[in-house]
Amino acid sequence: MNIGIFDSGIGGLTLLHQAMVLMPREKFLFYADTDHVPYGTKTRDQVISCVNEVIRFMAEHDCKAVVIACNTATAVAAEQMRSRYASFPIIGIEPAVKPAVAESGGKRVLVVATPLTVHERKLQKLVERVDDEHLVDLLELPGLVEFAERGEFVSDSVTTYLQGRLMGYELDNYRELVLGCTHFNYFKDTFRALMPPQIHMIDGSLGTVRQLMRVLDARQELLEPPAETGMEWQQIKNDICVRYFESGREITDAARLGNIAQLHERLERMRKI
Ligand code: DGL
């Protein structure tokens, strides 16, 4: 059976990439809802309807679990989807606010995400629950999703955009930067260059994949990773089985698959920053 992973666009490859590294024997379906990207500037109802379409697709494609690799879709739709599709687990990613606050040593924490995630009650409740000392600030960065979908990861425009959005934050007072949108991982090198060195970047993809593994293990549906640990990406990418879809249409074109392979290479570099 498959593990279905989806996002509005290429952001979800961040989570797929992490899952491929930790679960190299599994079979994955990756679905980018490119007809409807971006989610982060839509209404709740629009996003719920898009997510419902995707999960129905996953249900029809032999999935033993579905991962919502989109902080925005998780915030808006995960609970509803869990009650609607009870036959397989639905795991969602959320901004890694809790570990960031725990590791901040009393310094400030900046959470960057889409406008919808920032305004959703789910994130606000999470912050209220873990931020006793009022250390957390939330910042919307909708422009990064557009840059990412255009394949523009490093450019003067990206740097200028981020400098403009970060202006007004006294970054020396911060210790943690939470990447609360899966598209933002593509920009870790630019964030790194703009941030003072003491700022540590964190995102929810590793925690979400570990949660997926725990859930599958509890259901006795986890394929054991190979005995040899620490497999290299170069080996994993050749052996693993992944099918890619764009809003329900399978990607078979060699040029498009080559483009996805390049995105994985970039994510492999970003994973090590
Ligand atoms: N990648 C998504 C997230 O993690 C959403 C991006 C968008 O479509 O706005 O929030």
Side-chain angles (χ1 to χ4, degrees), residues 4-19 30-55 66-81 90-97 100 110-124 126-127 138-153 158 161-162 165 177-188 191 201-209 211-212 244-248 260 263-264 266-267 270-271:
I5 298 184
F6 82 92
D7 180 31
S8 58
I10 62 169
L13 289 176
T14 307
L15 200 132
L16 171 67
H17 192 88
Q18 187 69 65
F30 179 77
Y31 187 121
D33 193 10
T34 44
D35 287 358
H36 303 111
V37 67
Y39 283 175
T41 50
K42 290 192 165 44
T43 65
R44 299 188 87 240
D45 286 349
Q46 286 171 325
V47 173
I48 288 169
S49 147
C50 295
V51 172
N52 188 45
E53 280 299 304
V54 180
I55 299 196
V66 172
V67 183
I68 308 180
C70 173
N71 295 265
T72 312
T74 301
V76 170
E79 269 170 40
Q80 271 198 38
M81 295 304 134
I90 297 177
I91 290 110
I93 189 169
E94 64 179 7
V97 181
L110 184 60
V111 181
V112 290
T114 67
L116 198 50
T117 303
V118 166
H119 295 293
E120 263 305 302
R121 191 72 201 115
K122 193 168 194 295
L123 178 59
Q124 290 169 4
L126 172 63
V127 173
L138 305 178
L139 172 65
E140 303 168 14
L141 293 177
L144 281 193
V145 177
E146 288 167 32
F147 280 121
E149 289 297 324
R150 284 207 295 273
E152 184 176 343
F153 302 120
V158 169
Y161 172 75
L162 282 178
R165 299 296 293 157
L177 175 70
V178 179
L179 303 176
C181 168
T182 48
H183 281 76
F184 295 178
N185 288 62
Y186 290 99
F187 302 94
K188 279 176 89 175
F191 276 116
M201 289 182 270
I202 182 165
D203 75 284
S205 57
L206 181 58
T208 309
V209 172
Q211 173 65 4
L212 167 68
Y244 294 92
F245 295 83
E246 268 179 341
S247 297
I260 291 169
L263 294 173
H264 275 295
R266 176 159 187 81
L267 288 171
M270 296 302 104
R271 200 165 68 89

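Whatever order the structure lists ligands and atoms in, that order sets their numbers, starting from 1. Quick caveat, the model's predicted, so the values are computed rather than measured. Only heavy atoms go into these numbers, but all of them, side chains included; no hydrogens, no water, no symmetry mates.
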Could you check whether any side-chain N or O of Ser247 sits under 3.5 Å from a backbone N or O of Thr34, counting only pairs where one atom can act as donor and the other as acceptor? yes
Could I get the full list of salt bridge (charged side-chain N to carboxylate O under 4.0 Å, His left out) partners for Glu140, not counting sequence neighbours? none
Assign the ring pair Tyr186 / Phe153 to parallel, tilted or perpendicular, where the plane angle (0 to 90°) is split at 30° and 60°. parallel
Any protein N or O within less than 3.5 Å of an N or O in ligand 1? List each pair with its distance, or say none.
residue: ligand 1; atom: 1 (N); partner: Asp7; partner atom: OD1; Å: 3.1
residue: ligand 1; atom: 1 (N); partner: Asp7; partner atom: OD2; Å: 3.3
residue: ligand 1; atom: 1 (N); partner: Thr182; partner atom: OG1; Å: 2.9
residue: ligand 1; atom: 1 (N); partner: His183; partner atom: ND1; Å: 2.7
residue: ligand 1; atom: 4 (O); partner: Asn71; partner atom: N; Å: 2.9
residue: ligand 1; atom: 4 (O); partner: Asn71; partner atom: ND2; Å: 3.1
residue: ligand 1; atom: 4 (O); partner: Thr182; partner atom: N; Å: 2.9
residue: ligand 1; atom: 4 (O); partner: Thr182; partner atom: OG1; Å: 3.2
residue: ligand 1; atom: 8 (O); partner: Ser8; partner atom: OG; Å: 2.6
residue: ligand 1; atom: 8 (O); partner: Tyr39; partner atom: N; Å: 2.6
residue: ligand 1; atom: 9 (O); partner: Tyr39; partner atom: N; Å: 3.4
residue: ligand 1; atom: 9 (O); partner: Gly40; partner atom: N; Å: 2.7
residue: ligand 1; atom: 10 (O); partner: Asn71; partner atom: N; Å: 3.4
residue: ligand 1; atom: 10 (O); partner: Thr72; partner atom: N; Å: 3.1
residue: ligand 1; atom: 10 (O); partner: Thr72; partner atom: OG1; Å: 2.6

For residues Ser205 and Thr208, is any side-chain donor paired with an opposing acceptor at under 3.5 Å? no
Evaluate the ring planes of Phe245 and Tyr31, with Trp represented by its six-membered ring, and classify them as parallel (under 30°), tilted (30 to 60°) or perpendicular (over 60°). parallel
Passes side chain to side chain donor-acceptor pair (under 3.5 Å), His36 versus Gln46? Steps please. CA-CA 9 Å; His36 303 111; Gln46 286 171 325; over 6 Å; no
